Novice: 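So that we are looking at the same thing, I have put the structure below in structure tokens.
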There are 2 protein chains.
Amino acid sequence: MIEELGGDAAKRRPATILDVAKTANVAVGTVSRYLNGYTIRRGNREQIEAAIEALNYKRNAVAAAMKSELSHLVGLLVPTFDEFHGVLLEHLSRAIRRDGRALLIYCHGADPKIMREALDYFATQRIDALIMAGAEEVYDRVDELIGSGLPVVFYNNDLKGLPADRVFVENRKASQRAVRHLLDLGHRRIAILSGDQHDSSGLERYLGYVDALGERGIPVDPQYVVQGGWTMLGGADGVKRLLELEEPPTAIFSANYPMTVGALRCLKEQGRKVPGEISLVSFDDVPLFGLHEPGITAVAQPVEGIAEAMANVIAARLARPDPRASRAIILDCDIILRGSARPLA
Amino acid sequence: MIEELGGDAAKRRPATILDVAKTANVAVGTVSRYLNGYTIRRGNREQIEAAIEALNYKRNAVAAAMKSELSHLVGLLVPTFDEFHGVLLEHLSRAIRRDGRALLIYCHGADPKIMREALDYFATQRIDALIMAGAEEVYDRVDELIGSGLPVVFYNNDLKGLPADRVFVENRKASQRAVRHLLDLGHRRIAILSGDQHDSSGLERYLGYVDALGERGIPVDPQYVVQGGWTMLGGADGVKRLLELEEPPTAIFSANYPMTVGALRCLKEQGRKVPGEISLVSFDDVPLFGLHEPGITAVAQPVEGIAEAMANVIAARLARPDPRASRAIILDCDIILRGSARPLA
DNA sequence: TTGTATGCGTTATCAC
DNA sequence: GTGATAACGCATACAA
């Protein structure tokens with residue numbers, strides 16, 4: 001379908017601060033002061049406001065950024081837009097907006113080349129701050145960025161040793177509680193569908209699993225520790241291997257949402273009843289888990305709290321640049337008991 | 001020049017194109033030409049590359065944007081980050097990146113004030129293009145933006161009459177097929193959980209429902225048309241009302257994903273079996289629908305195709321500044337048959 | 001092809 | 001407070 005565009009689109013040069021100053025009979029400096037919230041003589045203010053209205057003036061943030069060195073852009077570098085990131089984005093964009101900034105997003109899909117590309121792009125765009133899940137592959141680049149004065153906030157995966165702020169959840173304790181719950185139900189052969197243990201969250205969730213077993217004096221059986229690589233396919237594959245064992249586990253702790261979906265799919269395909277034949281607890285909670293039959297017992301991350309913390313940390317650092325103190329905010333998780341974990345028969 | 005206080009952090013002023021030119025013994029113009037991909041004498045190119053490396057030069061996109069009037073930013077204004085938008089973002093950010101641009105996102109949560117704020121912010125940031133679900137509340141502002149030369153792409157909800165590009169799916173036909181499927185199974189009392197019919201997608205999905213009934217000579221019974229307002233709560237509430245009818249429907253067509261979740265929750269709470277007592281078909285598909293017991297029969301939008309189309313439309317329009325034609329791309333949907341709809345007993 | 005000079009719109013720095 | 005003016009870093013005519 002081809003339509004004619006209105007030809008009367010008056011594409012005039014947009015008004016500048018100079019035009020406003022001229023129309024309002026004041027100096028550009030005065031207009032700039034007005035725009036930036038400084039006190040202005042009342043008469044002038046009214047004239048400026050009238051001029052802005054009349055000229056339909058919109059301040060050019062690009063030019064402002066060039067002078068002030070502040071772009072009011074916060075870069076967000078994520079590996080993927082799974083359910084967790086969707087919800088995070090919802091809250092984060094809201095929280096960031098409160099301070100007059102917006103989110104510039106880049107999704108790298110675990111590709112190191114794209115990670116570097118993203119970091120370069122962000123540097124190029126002169127973002128005010130960067131939020132990212134740490135990735136070893138770009139340790140040096142991030143270090144460099146921080147060295148150049150860019151505030152960075154890590155989440156999900158830490159890059160130890162870098163002078164940055166951090167927002168994490170109690171991955172280890174929450175996982176421990178989740179596995180302890182399975183132990184309380186009488187399970188002893190408990191498997192973990194682990195995320196990448198090079199990621200701090202992957203490691204900590206695994207360590208929580210180890211902790212819980214250790215509390216009850218149960219040794220960690222390597223055959224029950226399978227790597228799911230955070231992905232749905234990895235989760236399905238991992239469960240498949242578990243079911244092929246001579247002594248399959250009676251319960252599984254899955255370390256994130258996509259792997260849980262994969263696990264459920266595999267279990268369904270293999271005709272294994274949850275929780276009849278095998279119990280399941282998931283890290284990460286989504287609305288549909290409550291509707292699944294049975295409901296999926298899950299660790300719920302405080303996503304809104306994470307977003308708020310990120311925004312606050314950034315706002316604080318931008319307001320008072322203090323390279324020495326780096327903040328680490330660690331939030332608690334809830335465990336939501338549903339029907340996917342039941343006492344061992 | 002003025003030195004930053006605190007001499008320990010090597011927070012030197014970043015290198016500029018001028019520094020590069022000086023180090024490479026060429027003129028700034030030459031460096032600029034190199035940066036923008038024009039041909040350069042080989043010796044110079046090598047010198048420039050060496051200088052960039054040595055100085056760790058990162059081009060300042062802000063300054064470049066000011067001159068070229070191109071920010072390489074694409075604004076994305078969404079109502080909310082539901083599952084659909086998560087997947088969309090995944091593909092869109094990738095597609096947009098191919099052209100060297102990134103996504104500047106803003107989430108308005110159906111608040112007209114925030115919509116206006118977002119539009120102002122985008123204008124201020126001098127974005128190159130805008131992707132948004134149309135909203136009547138800001139018709140005039142969007143019109144103004146388009147008038148000023150900003151390319152706009154609508155999705156999900158159209159704002160008729162505006163000279164913009166459009167990427168939509170065959171909402172009406174896909175809905176018709178979905179309802180036809182229920183009719184084929186013998187259902188006659190079919191309800192629709194409708195989205196906001198002021199949204200073009202809401203209206204078209206409703207019209208598809210009407211079409212399907214009309215084909216079979218079945219009149220539309222108003223009591224079977226309930227407004228769910230696109231939300232989970234609205235969906236739950238709508239189903240509740242349906243179940244209280246003297247003659248409840250034997251099948252429900254839900255017009256989007258959140259409403260389907262709400263519907264499932266309500267049906268579960270009320271102890272109604274799906275599909276034993278009531279059949280269900282959903283617009284929008286998510287991985288978990290396949291794992292639900294029963295699997296949810298759903299209309300799958302080609303989200304990747306939507307993202308690709310958006311990126312292409314923008315790239316095309318930005319490449320050829322004043323094509324007097326607006327493009328409307330309409331994509332087909334698949335219907336995925338699972339177990340939530342079964343023949344009427 | 002290369003070098004020079006000018007301007008983009010804003011903020012910052014002065015005197016006043 | 002206000003007004004005039006110098007940057008900010010880059011792109012681009014224009015002359016060479």
Side-chain angles (χ1 to χ4, degrees), chain A residues 12-49 51-52 55-73 100 123-128 148-149, chain B residues 1-4 12-48 51-52 55-73 100 121 123-128 148-149:
Chain A
R12 280 194 310 278
R13 182 182 127 281
T16 75
I17 197 174
L18 211 91
D19 302 321
V20 174
K22 211 164 289 176
T23 305
N25 269 316
V26 296
V28 283
T30 309
V31 180
S32 179
R33 289 171 56 79
Y34 165 81
L35 291 173
N36 291 297
Y38 292 90
T39 50
I40 287 290
R41 193 186 297 157
R42 191 176 160 184
N44 282 340
R45 186 173 35 141
E46 284 163 357
Q47 299 226 5
I48 291 174
E49 279 165 357
I52 288 179
L55 298 170
N56 189 28
Y57 167 73
K58 298 264 192 283
R59 161 220 228 111
N60 185 333
V62 174
M66 178 156 130
K67 268 308 284 184
S68 68
E69 308 272 270
L70 249 37
S71 62
H72 298 285
L73 260 32
T124 265
Q125 289 291 340
R126 301 296 197 261
I127 56 173
D128 290 348
S148 78
Chain B
M1 289 293 108
I2 297 167
E3 269 283 336
E4 293 286 323
R12 280 194 311 279
R13 179 181 130 282
T16 75
I17 195 175
L18 211 92
D19 302 321
V20 175
K22 209 164 291 175
T23 306
N25 269 317
V26 296
V28 285
T30 310
V31 181
S32 178
R33 292 172 56 77
Y34 166 80
L35 290 174
N36 292 298
Y38 292 90
T39 50
I40 286 291
R41 192 186 297 159
R42 189 175 163 181
N44 282 340
R45 187 173 36 138
E46 283 164 359
Q47 299 226 3
I48 290 173
I52 287 178
L55 297 171
N56 189 27
Y57 168 74
K58 297 265 189 284
R59 166 221 221 106
N60 185 335
V62 175
M66 181 156 128
K67 271 304 289 182
S68 67
E69 308 272 87
L70 249 37
S71 62
H72 298 284
L73 261 31
Y121 180 82
T124 265
Q125 291 289 341
R126 301 295 195 265
I127 55 172
D128 290 349
S148 78

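Please read these numbers as outputs of a predicted model, since none were measured by experiment. Note on naming: letters A, B, ... go to the chains in the order of the sequence lines (proteins, then strands), and numbering restarts at 1 for each one.
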Novice: With respect to the phosphate group of C/dT11, does any side-chain polar atom (N or O) of A/R59 fall under 4.0 Å of OP1 or OP2?
Specialist: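 True: A/R59 side-chain N/O within range (under 4.0 Å) of C/dT11 OP1/OP2.
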Novice: Output the single nucleotide from D/dG1, C/dG9, C/dT4 whose closest atom is nearest the side chain of A/T16.
Specialist: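 Nearest to the side chain of A/T16 among the choices is C/dG9.
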Novice: Rounded to whole Å, how long is the line connecting atom NZ of A/K22 with atom P of D/dG3?
Specialist: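 Interatomic distance, NZ of A/K22 to P of D/dG3: 14 Å.
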Novice: Please determine if a side-chain N or O atom of A/N44 lies less than 4.0 Å away from the OP1 or OP2 oxygen of D/dT2.
Specialist: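 A/N44 to D/dT2 OP1/OP2: side-chain N or O found under 4.0 Å.
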Novice: Tell me which nucleotide among C/dT11, D/dC10, C/dT1 gets nearest to the side chain of A/A64.
Specialist: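 Among the listed nucleotides, the one closest to the side chain of A/A64 is C/dT11.
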Novice: Quick check on D/dC8: is either OP1 or OP2 less than 4.0 Å from any side-chain nitrogen or oxygen of A/R126?
Specialist: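 No, outside the criterion.
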Novice: A/R42 or B/L35: which one's nearest nucleotide on DNA chain D is closer to the 5' end?
Specialist: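 This one resolves to A/R42.
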Novice: Consider the side chain of A/T30, meaning its heavy atoms from C-beta on, and name the nucleotide among D/dT2, C/dG3, C/dT11 that approaches it most closely.
Specialist: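 Output: D/dT2.
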Novice: Kindly indicate whether the side chain of B/V26, heavy atoms from C-beta on, has any atom under 4.5 Å from the side chain of B/I48.
Specialist: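 In short, these two side chains touch, coming nearer than 4.5 Å.
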Novice: From CD1 of B/I52 over to P of D/dC10, roughly how many Å is that when rounded to an integer?
Specialist: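 It works out to 10 Å between those atoms.
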Novice: D/dA11 C1' sits how many Å from B/N60 CG, rounded?
Specialist: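 The distance from CG of B/N60 to C1' of D/dA11 comes to 13 Å, rounded to the nearest Å.
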Novice: Using whole Å, what does the distance between atom P of nucleotide C/dT13 and atom OH of A/Y38 come to?
Specialist: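 After rounding, the gap between these two atoms is 10 Å.
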Novice: Decide yes or no for B/R126 and B/L70: does some side-chain heavy atom of the first lie under 4.5 Å from some side-chain heavy atom of the second?
Specialist: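 A side-chain contact is absent here, since even the closest heavy-atom pair is not under 4.5 Å.
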Novice: Side chains of A/K58 and A/N56 only: does a donor on one sit below 3.5 Å from an acceptor on the other?
Specialist: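 Yes, because at least one side-chain N or O of A/K58 sits under 3.5 Å from a partner of the opposite role on A/N56.
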Novice: Consider only side-chain N and O atoms of B/T30 and B/N44, and report whether a donor and an acceptor are under 3.5 Å apart.
Specialist: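 There is no such pair (donor and acceptor under 3.5 Å, judged by atom type) between the side chains of B/T30 and B/N44.
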Novice: For B/N36 and D/dA11, is the shortest distance between a side-chain N/O and OP1 or OP2 below 4.0 Å?
Specialist: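 Yes, because at least one side-chain N or O of B/N36 sits under 4.0 Å from OP1 or OP2 of D/dA11.
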Novice: Using atom OH of B/Y34 as one end and atom P of C/dG3 as the other, report the distance to the nearest whole Å.
Specialist: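 Rounded to whole Å, this separation is 16 Å.
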Novice: Applying a 4.0 Å non-hydrogen cut-off, can you work out what A/V28 is touching in the nucleic acid: base, sugar-phosphate, or nothing?
Specialist: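 Base, at least one base atom sits under 4.0 Å.
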Novice: Check A/E49, A/R45, A/Q47 against A/Y34 for a side chain to side chain donor-acceptor pair (under 3.5 Å) and give me the one that passes.
Specialist: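 Exactly one option meets the side chain to side chain donor-acceptor pair (under 3.5 Å) with A/Y34, and it is A/E49.
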Novice: Is any side-chain N or O of B/S32 closer than 4.0 Å to OP1 or OP2 of D/dA11?
Specialist: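 B/S32 to D/dA11 OP1/OP2: side-chain N or O found under 4.0 Å.
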Novice: Can you measure A/L70 atom CG to C/dA12 atom C1' for me and round it to whole angstrom units?
Specialist: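 The distance from CG of A/L70 to C1' of C/dA12 comes to 14 Å, rounded to the nearest Å.
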Novice: Relative to the 5' end of DNA chain C, which residue comes earlier, B/K67 or A/Y57, by the nucleotide with the nearest heavy atom?
Specialist: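 Whichever sits nearer the 5' end wins; that is B/K67.
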Novice: OP1 or OP2 of C/dT11 less than 4.0 angstrom from a side-chain nitrogen or oxygen of A/R33, does that happen here?
Specialist: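 For C/dT11, neither OP1 nor OP2 has a side-chain N or O of A/R33 closer than 4.0 Å.
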Novice: Select one nucleotide: of C/dT10, C/dT11, C/dT2, the one nearest the side-chain heavy atoms of A/S68.
Specialist: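 For the A/S68 side chain, the nearest candidate turns out to be C/dT11.
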Novice: Counting side-chain heavy atoms from C-beta on, which of C/dT1, C/dG9, C/dT11 comes nearest to B/M66?
Specialist: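 Nearest listed nucleotide: C/dG9.
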Novice: Of B/I40 and B/E69, whose nearest nucleotide on DNA chain C comes first from the 5' end?
Specialist: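 Whichever sits nearer the 5' end wins; that is B/I40.
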Novice: For B/V26, answer base if it contacts any base atom (sugar-phosphate contacts may also be present), sugar-phosphate if it contacts only those atoms, and nothing otherwise; contact means non-hydrogen atoms under 4.0 Å.
Specialist: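 Sugar-phosphate: the residue B/V26, judged by heavy atoms under 4.0 Å, touches backbone atoms but no base.
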Novice: With a 4.5 Å heavy-atom cut-off, do B/N60 and B/T16 have their side chains touching?
Specialist: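 Sidechains of B/T16 and B/N60: no contact.
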Novice: Once you round it to whole Å, what is the distance between P of C/dG9 and CD of B/Q125?
Specialist: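 Answer to the nearest Å: 16 Å.
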Novice: Choosing from C/dT4, C/dT10, D/dG1, which nucleotide comes nearest the side chain of A/I17?
Specialist: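 So the side chain of A/I17 is nearest to C/dT10.
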